[in-house]
Amino acid sequence: MSDLPSTDVVVVGAGVVGAAVFHELAARGVAVTLVDERRGGSGTTAWCGGVVRCYHDTPELTDRALYGWRYFHAFARHTGFDVRFHTCGFLYWPSAGRAPAARAEAARIAAAGAPARWLEPDEVTRRFGTLLHDGSAGAVWEPESGYLEADEVTRAWLRAGRRKGGRLVEGVRVHEPLRRGGAVRGVRTDAGTLLAGTVVLATGAWTPELLTSWGLPHDLWNQAIQVDLRHPATPPAGQPAFMDDVHQINGRPDPDSGGVYVGHPTGRRCTAEPQRVDPAHSRLIERAGGRRWRWLDGGSGGGGLRAAECHAPGQGNWVRPLPGAPGVLLATGFNGGGFKMAPWTGAEVARRITGTDVPRPETSTDAQHRSVS
Ligand SMILES: NCCCC(=O)O
């Protein structure tokens, strides 16, 4: 007996990744049900900075991110809903010794149709010098990258997925897998059983404890992330989103408040529950960030976020079957970068379930994106 209507695919977790998978499957005519114990988008996604950039240290991850970059630039065409892509630009400083590889990867990104190029140190200083303390290293510059509001994107995917026939079940907890003949064929929930051909776990930071409670071995873990909202004395005009492997900081502007989000890795393992901002870590953020950005000298703090990210070994990005649990697909372990990978994840899950490739998303402005400003 099924207490919720049976479905081809049940997706567990209505964060940004689960919502992307839900929409992609529904758009492709798959009967899909998305279940979350909370309102969709109200978990870790509610705290997500929504940065979308192309550059990564490996071509495989860059290509996945490029897929997302193109998709987000054509979000309305894919979903029917308009969500603004804030193209504040993205600046990436590689760690010492990686500059030649970063320069080559920027050229590869540009050849793939997304504006990106290597800026020599004097050009970094010329463009961003009023903002910088340390502009001495070269950097990758992506003028058409930036961020989207993750909660808006998630709710748009959920609405679009429902309009395309997907079923969204919020406020219902998934307890355990339903096993039939050696495979997982659904889940038991607060609302009864839900039979499904495939179970997709898009459970983010809840994945490690979920798998442990299901008795399934895994090597995923959660790491605490802290990102502070800083309010410079003078709002920094022209502030790009950034990732800095020299000083170990990342962030993006927040025009609504005139501030800038700045994060610095905590390196600490944690449970899935959101935490309060740790003032000791805020001091580390201020110190590390102040080595790069001049505006961190003055100004004030304005809160921030401290939450858990699900990490996987190696380069992460686990969109794959779960060993020992036929019928289960994992879509997690993005090591903090799940937002920009969500479109690729939706396409990859759809490919694995339907056995067909998903065409690369084209933006209406692909051609004009070939030249770098
Ligand atoms: N956790 C923030 C990472 C952002 C990014 O990967 O671009």
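Atoms within a ligand are numbered from 1 in the order they appear, just like the ligands themselves.
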Discussion item. Quick check: do H78 and P343 have side-chain heavy atoms less than 4.5 Å from each other?
Written reply: no
Worksheet item: Within a strict 4.5 Å, meaning less than it, do heavy atoms of the E144 and W69 side chains meet?
Response: yes
Worksheet item: How about Y55 and W118: are their ring centres within less than 6.0 Å of each other?
Response: no
Fill in: Shortest protein heavy-atom distance from atom 4 (C) of ligand 1, along with the residue and atom involved
M243 CE, 4.0 Å
Fill in: For E309, atoms of ligand 1 separated by under 4.0 Å from a heavy atom
1 (N)
Worksheet item: Please state which protein non-hydrogen atom is closest to atom 7 (O) of ligand 1 and give its distance, to 0.1 Å?
Response: R53 NE, 2.7 Å
Practice prompt. Looking only at distances, please establish whether an N/O atom of ligand 1 is found under 3.5 Å from an N/O atom of G336.
Written response: yes
Worksheet item: Which one of D245, D297, D134 satisfies the salt bridge (Lys or Arg N to Asp or Glu O under 4.0 Å) criterion with R292?
Response: D134
Worksheet item: For ligand 1, is any non-hydrogen atom under 4.0 Å from I225's backbone (N, CA, C, O), its side chain (CB onward), both, or neither?
Response: side chain
Fill in: Least distance between heavy atoms, Q239 atom then C88 atom
O-CB, 3.9 Å
